[in-house]
2 protein chains.
Amino acid sequence: MTNIKEIAKRAGVSPSTVSRALSGKGYVSEEKKRRVLAVAEEFDYAPNLNALSLKTGITRRLGLVAPAFIESVSLFTGGFVRAAEENGYTVTLFMTGSDVSKEVEALEALRRKQVDALVFVMFKSDLSLIASYTKYGPIVSWQRIIHPNIPSVFMNQYDGYTIALEHLYARGYRRICNIYGSPTRLNTQSRIDAFRDFCAKYELDPLACPSFDDMGNPSHGEQMVRWWLENGQIPDAFATTNDRVAAGMVAEARRLGLRIPEDFAVCGFDNLDFADMLDLTTIHYPVNEQAGNAFSIIRSRIEEIELPLRPLKFHLVQRSTT
Amino acid sequence: MTNIKEIAKRAGVSPSTVSRALSGKGYVSEEKKRRVLAVAEEFDYAPNLNALSLKTGITRRLGLVAPAFIESVSLFTGGFVRAAEENGYTVTLFMTGSDVSKEVEALEALRRKQVDALVFVMFKSDLSLIASYTKYGPIVSWQRIIHPNIPSVFMNQYDGYTIALEHLYARGYRRICNIYGSPTRLNTQSRIDAFRDFCAKYELDPLACPSFDDMGNPSHGEQMVRWWLENGQIPDAFATTNDRVAAGMVAEARRLGLRIPEDFAVCGFDNLDFADMLDLTTIHYPVNEQAGNAFSIIRSRIEEIELPLRPLKFHLVQRSTT
DNA sequence: TTGTATGCGTTATCAT
DNA sequence: ATGATAACGCATACAA
């Protein structure tokens with residue numbers, strides 16, 4: 001509504017003086033400063049951020065790109081928004097539904113200067129496509145990738161998965177069945193490596209139980225329980241790709257009258273909210289801290305400063321399913 | 001980087017012709033249009049949205065204000081973002097942690113034209129404070145309030161709660177204990193009314209069991225189970241304020257070796273994701289649709305058009321806890 | 001159909 | 001210490 005020129009007229013000074021008085025940059029006499037501030041107050045002045053963005057080329061807005069706002073994505077979003085707001089940035093959402101064309105829209109928003117930088121929580125586009133937009137602003141990824149221009153705040157799940165396996169071993173389980181996620185993900189490969197090394201260490205047969213790929217939903221967990229019943233009930237423990245699969249197993253086992261951990265143990269991964277409600281043993285994945293690091297990387301690039309990253313560690317949360 | 005003036009020079013036309021060619025508004029010959037488009041493509045032209053916002057006074061950005069991004073808030077956010085993006089709007093997040101000063105920051109963002117409108121998912125500020133910002137743009141609320149300038153997309157929970165009570169009655173429960181949320185919320189009052197009318201209809205004594213106020217977390221649910229054990233085990237069913245409290249009850253009952261629904265029944269409210277995993281009977285609350293309506297109200301005000309709102313209905317989701 | 005000129009609100013540069 | 005002026009990138013009223 002009311003702009004700097006208006007305030008200048010009312011206060012009997014020039015627009016530049018008003019600008020200086022309000023921003024605190026540059027010289028301005030105490031008397032005029034007081035007058036300007038009073039007039040600005042009186043006429044309900046508020047700076048127009050679009051003009052500022054145009055002038056400076058900086059929006060202090062960051063884009064967050066995710067397929068949907070469920071569970072761990074929400075957790076990441078919360079952590080990222082908190083870090084951003086603490087430092088005077090604002091976060092704009094881009095929800096893709098795993099649709100590549102929507103991902104491009106987010107990239108275009110960066111190109112058109114709607115945001116200063118982007119964080120991709122999860123994506124499907126070719127890495128090279130995303131990388132071609134880094135010339136418009138910093139881009140970081142949560143999803144584990146390796147690219148010279150796109151830092152990723154991933155954690156190597158080798159360590160976390162090893163914690164799960166060691167825990168199961170310590171509890172006496174020897175016939176462990178692995179339920180993996182997407183085989184194309186680097187994290188899946190890390191888990192496979194962890195299991196191989198674990199078996200070698202304790203001289204277990206890695207092929208004693210079959211493994212399963214591409215699991216991720218509660219329904220997959222339910223499926224696994226039925227598989228267990230119908231195929232000799234061999235495994236005495238399941239190490240799962242995430243808490244959702246584990247939750248599906250727990251729910252289905254209960255419906256079928258099976259007892260956990262007596263019939264078989266289940267270990268989740270992530271430690272989402274509902275893991276507590278289901279009393280699920282799981283591996284805590286510090287999503288909040290990863291989000292904070294994602295922001296720090298972005299900020300350090302935008303403001304050209306060095307910022308420390310918080311070290312990240314998995315840990316076991318033991319509950320009643322093991 | 002490259003702007004309209006630059007393209008104009010390269011294409012041998014005036015900036016306004018470029019503007020017209022790119023926007024499709026106004027007359028421009030086919031030949032020049034082709035030339036301009038080719039040059040724009042070649043020089044990687046992208047319009048600067050900040051300049052556009054400054055010029056037009058419209059950002060096509062909406063602010064969403066919420067305390068944190070957990071559970072039903074995430075659900076609402078997802079629905080709102082989807083609706084917004086489908087219509088060419090973008091959503092910026094303001095996370096308040098229930099801190100009033102953070103809510104003011106969101107209001108200020110509206111005043112400073114960083115966003116065109118705001119939706120308050122939940123808030124603590126005085127309604128009059130929020131209302132004083134409606135002169136800067138539309139503001140709508142999910143939280144149930146009544147104010148002439150701030151539409152709310154609430155649903156009257158009288159209906160939903162009645163569905164829960166009728167279901168419990170039909171399943172044979174007669175000693176129903178109400179676990180309410182914050183007593184200052186209008187929705188709590190609606191539920192109290194629903195229970196009163198329900199008791200009258202079936203000639204039940206409304207005071208047969210005590211009611212509880214201000215519950216909301218799983219820990220409150222755990223507390224309720226212990227209360228039940230220590231105080232004569234009177235109620236045969238609990239109608240809870242939300243799924244989180246219900247989940248706490250289910251988890252604690254399991255730990256204590258109680259059987260649900262034999263020892264007592266539990267009915268949740270909301271039908272969040274984990275309700276399915278816990279096999280919780282609950283009342284489905286169409287959050288997505290409410291978010292869509294919130295967006296429609298905002299859009300109708302911004303674009304000054306009439307938009308229909310989707311009718312909303314609760315329904316029962318019967319699972320194994322009743 | 002096209003081009004010129006102006007303004008959106010702000011800040012930075014440069015005189016004064 | 002202060003003010004005039006230009007510039008950020010775009011759209012549009014108006015003239016041609």
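Between A/S19 and C/dT11 there is a side-chain N or O to OP1 or OP2 distance below 4.0 Å. Between C/dG9 and A/N3, a contact under 4.0 Å exists linking OP1 or OP2 to a side-chain N or O. Taking 4.0 angstrom as the limit, A/Y45 places a side-chain polar atom (N or O) nearer than this to OP1 or OP2 of C/dT10. Within the structure, a side-chain polar atom (N or O) of A/T17 is placed less than 4.0 Å from OP1 or OP2 of D/dG3.
Counting atom types as modelled, B/R112 pairs no side-chain N or O with a base atom of C/dG9 as donor and acceptor under 3.5 Å. No hydrogens or angles were tested; on distance alone, a donor-acceptor pair under 3.5 Å links the side chain of B/S16 to the base of C/dT4. Evaluation of atom-type donor-acceptor distances gives a pair under 3.5 Å for the side chain of A/K55 against the base of D/dA7.
Minimum interatomic distance between B/I4 and B/P15 (heavy atoms only, all atoms of both residues): CG2-O, 3.5 Å.
For B/T77, the side-chain contact (heavy atoms from CB on, under 4.5 Å) partners two or more places apart in sequence, or in a different chain, are A/L93, B/L64, B/F69, B/V73, B/V81, B/L93.
Among the nucleotides C/dG9, D/dA13, D/dT2, the one closest to any side-chain atom of A/N48 is C/dG9. Nearest to the side-chain atoms of A/Y27 among the listed nucleotides D/dG9, C/dT4, D/dT2 stands D/dT2. In this structure, the nucleotide among C/dT10, D/dA11, D/dA4 sitting nearest to the side chain of B/L52 is D/dA11.
Under the 4.5 Å side-chain criterion, counting only non-hydrogen atoms from C-beta, A/S141 is not in contact with A/H147.
Residue contacts for B/K32: at a heavy-atom cut-off of 4.0 Å it reaches the sugar-phosphate backbone alone, with no base atom in range. Backbone-only contact: B/I4 has heavy atoms under 4.0 Å from sugar-phosphate atoms and none from a base.
Atom P of nucleotide C/dT1 and atom CZ of B/R20 are separated by 11 Å, given to the nearest angstrom. In this structure, B/L22 atom CG and D/dA11 atom P are separated by 8 Å, rounded to whole Å. Taking atom CZ on A/R35 and atom P on D/dA1, their separation rounds to 16 Å, with Å as the unit. Rounding to whole angstrom units, NZ of residue A/K113 and C1' of D/dC10 are separated by 15 Å.
A salt bridge links A/R112 to A/E108: one of the charged nitrogens lies within less than 4.0 Å of a carboxylate oxygen.
Of the two residues contacting DNA chain C, namely B/S29 and A/P47, the nearest-nucleotide position lying further toward the 5' end is that of B/S29.
Here the straight-line distance linking atom CZ of A/R111 with atom OG of A/S132 works out to 9.5 Å at 0.5 Å rounding.
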